Protein chains: 2
Amino acid sequence: MARTQGSHSGITGPRIREAALQLFAQHGYAAVSMRQIAKEVGVQAGALYNYTPDKQSLLFRLMESHMRELLAAWGDLVVEGDAAVQLEAFVKFHIRFHMQRPDEVFIAYMELRNLNEENFAGIEVLRRSYEDALEQILKDGVASGCFRIPDTKIATLAVIAMLNGVMTWYRSGGRLSLEEVEGVYWEMVRNAVGA
Amino acid sequence: MARTQGSHSGITGPRIREAALQLFAQHGYAAVSMRQIAKEVGVQAGALYNYTPDKQSLLFRLMESHMRELLAAWGDLVVEGDAAVQLEAFVKFHIRFHMQRPDEVFIAYMELRNLNEENFAGIEVLRRSYEDALEQILKDGVASGCFRIPDTKIATLAVIAMLNGVMTWYRSGGRLSLEEVEGVYWEMVRNAVGA
DNA sequence: AAGATAACTGAACATTTGTTCAGAAAAAAG
DNA sequence: CTTTTTTCTGAACAAATGTTCAGTTATCTT
C-alpha cells in the first residue's frame, strides 16, 4: 500500500512539527530519530521528507518561528509609561508568553548547540534582538533615575535568566496561579533593579 | 598490536572522564559517541569499558561527583553572621564555584533528561539538598525580619536561576573580573530579597 | 469516467551506534 | 629471566541512524 486514507499535506505538515517539538523537548534533538517522529504522526519516515529537507531544518524552523513569534508578540504590545511600567509589562509578558509554550522555550535554550553554524547565527540574531529590547528599558530607567543598576548588560541577562527559571519548576495547576507567579517575579525584578 | 607503551590505568581513567566531560558539554551526551571519547583519549573504543560499565554510567558519575563536590565545598565553608551575611557568602560561593567548572555545570543542568530513572532520582536528591541550603538562609532571613520575600521557595529557585545565568555569558578575561561579577550579582540578589 | 497530481509506502543504502571478546603486548611480580 | 596480571587492540555484532527513491494509491482536476 502507499498513500493512506485521509492523508493531506495541510494536516501532516503541522502534525510533524508538533511531534518534533514535543519529542525534541522531551528527549533532546540528538536523541530523537526521524522514525520516532514519523511514528508519532502515524506515517513512515520517508514521508517526513516531503515537509523538511532534513532533520536539521526541522529543528531550525521550530526555533526560528518561536523566536519570531516572541519578537512579534512583544512588538504588538505597546506600553505607555515610564521605564518601571515598561519593565513590569516586560516581566509579565515574558513569563506569560513562555509559560504558554514550554516546549518551544526548552528547545530554544537547550538545542542551540545542535544547530549548524549558519542556523546558529540566525537564531542568535533574533535572541540578541529580544535581549536588546529589555536592555533598552533598563537603560532608559537608569537615565531617568528610575533604576539603580551597576551594569545594564549584566542586569539584562540576569533578569532573563531569572525569569526563565520559572519554566523549570512551574506546573500549571500548582500552588500558585499565573498571576501570582507574575506578581512574585515582578517584585523580585523590581527590587533587583532598585526601583 | 595490543597494549601500547606507557598505558596505565591510573592515568587513562581520569583522561576518559575529562574527555567525556568536555565532549558532553560541547555537543551533548546523545551527540557524542564512545568512539569520539576514545579518540580524544588516544585509545580504542573497547578500552573505555575497562573504566565504565556503559555510556550511561559515564554521564551519571560525572554529574554525581560534581554535585557531591558542590555540597562538600559549601559544607566546608562555615559562615558566621546573620542571614544577609550568609546569603552574600552563598551568592559569591555559588558564582565562584560554578565558574571554575563550566563544563560540569553545563552537563549537570542540561543532561538530566538523558539519565535513566534511577540515576535521575539520585541526582535530584543532591540538587534538592543544595537548594534547601539556600532556602534555609532565606527562611532565616524572613524570620529575623532581615529579608522581605513573598515566597521563599520561588525566591530560592529564582536566585539560583539568576546566578546560573552568569555561566551562559561570562568568559574569563572579559570586561569584568570575577570579583566584580560577584559584586554585581550580590547587589541584585540583595535587592531582590529586600535586604 | 479518465487522467494528472500529490501523498505516502516499503525497501534499500551506507554509516554509525553501544557493546563484547579473544588475543596480543606491556608492565608488574616472582 | 619467567610467569602472571593488567591494559589495550582490532575485529566483529546486531541494531539504529538519516536519507533516497521507485512504485502505489488516494485525491483533485477536467
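Here the structure is a predicted model, which is why all the values come from computation and not from measurement. Letters A, B, ... are given to chains in the order of the sequence lines, protein chains preceding strands, and every chain is numbered from 1.
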Between B:Y29 (side chain) and B:L23 (backbone), is there a donor-acceptor pair under 3.5 Å? no
A:D82 and A:Q86: side chain donor to acceptor below 3.5 Å: no
B:E69 meets the salt bridge (charged side-chain N to carboxylate O under 4.0 Å, His left out) criterion, sequence neighbours left out, with B:R101
Establish, from distance only, whether the side-chain atoms of A:D54 and A:S57 form a donor-acceptor pair under 3.5 Å. yes
Does the side chain of B:H94 come under 3.5 Å of the side chain of B:Y130 through a donor N or O and an acceptor N or O? yes
D:dA16 phosphate, OP1 or OP2: any side-chain N/O from A:S33 under 4.0 angstrom? no
Which part of the nucleic acid, if any, lies within reach of B:V32 when heavy atoms closer than 4.0 Å are counted: base, sugar-phosphate only, or nothing? sugar-phosphate
Could you check whether B:R61 makes a cation-pi contact with B:Y51, meaning its NZ or CZ is under 6.0 Å from the centre of the six-membered ring and within 45° of the ring axis? no
Separation of D:dA26 atom P from A:N50 atom CG, nearest Å, is 17 Å
In whole angstrom, give the distance that lies between atom CD of B:Q44 and atom P of C:dA24. 17 Å
Find the distance A:Y29:OH to D:dT17:C1' and express it as a whole number of Å. 12 Å
Tell me the closest heavy-atom pair linking A:R15 and A:E40, and the distance in Å. NH2-O, 3.9 Å
Between A:E18 and A:Q22, does any side-chain donor sit less than 3.5 Å from a side-chain acceptor? no
From CD1 of B:I37 over to P of C:dG18, roughly how many Å is that when rounded to an integer? 8 Å
What integer distance in Å separates A:I16:CD1 from C:dA7:P? 11 Å
Which atoms of nucleotides 19-22 of chain D (N or O only) lie under 3.5 Å from a protein N or O atom, and what are those distances?
{"from": "D:dT19", "atom 1": "OP2", "to": "A:Y49", "atom 2": "OH", "distance (Å)": "2.8"}
{"from": "D:dT19", "atom 1": "OP2", "to": "A:K55", "atom 2": "N", "distance (Å)": "3.0"}
{"from": "D:dT19", "atom 1": "O5'", "to": "A:Y49", "atom 2": "OH", "distance (Å)": "3.3"}
{"from": "D:dT19", "atom 1": "O4", "to": "A:R35", "atom 2": "NH2", "distance (Å)": "3.4"}

I'd like a list of close polar pairs between nucleotides 27-30 of chain C and the protein, N/O only, cut-off under 3.5 Å.
{"from": "C:dA27", "atom 1": "OP1", "to": "B:G6", "atom 2": "N", "distance (Å)": "2.9"}

Which label fits A:H98 and A:H66: parallel for a plane angle under 30°, tilted from 30 to 60°, or perpendicular past 60°? perpendicular
Rounding to a whole Å, what distance do you find between B:L48:CG and D:dT9:C1'? 12 Å
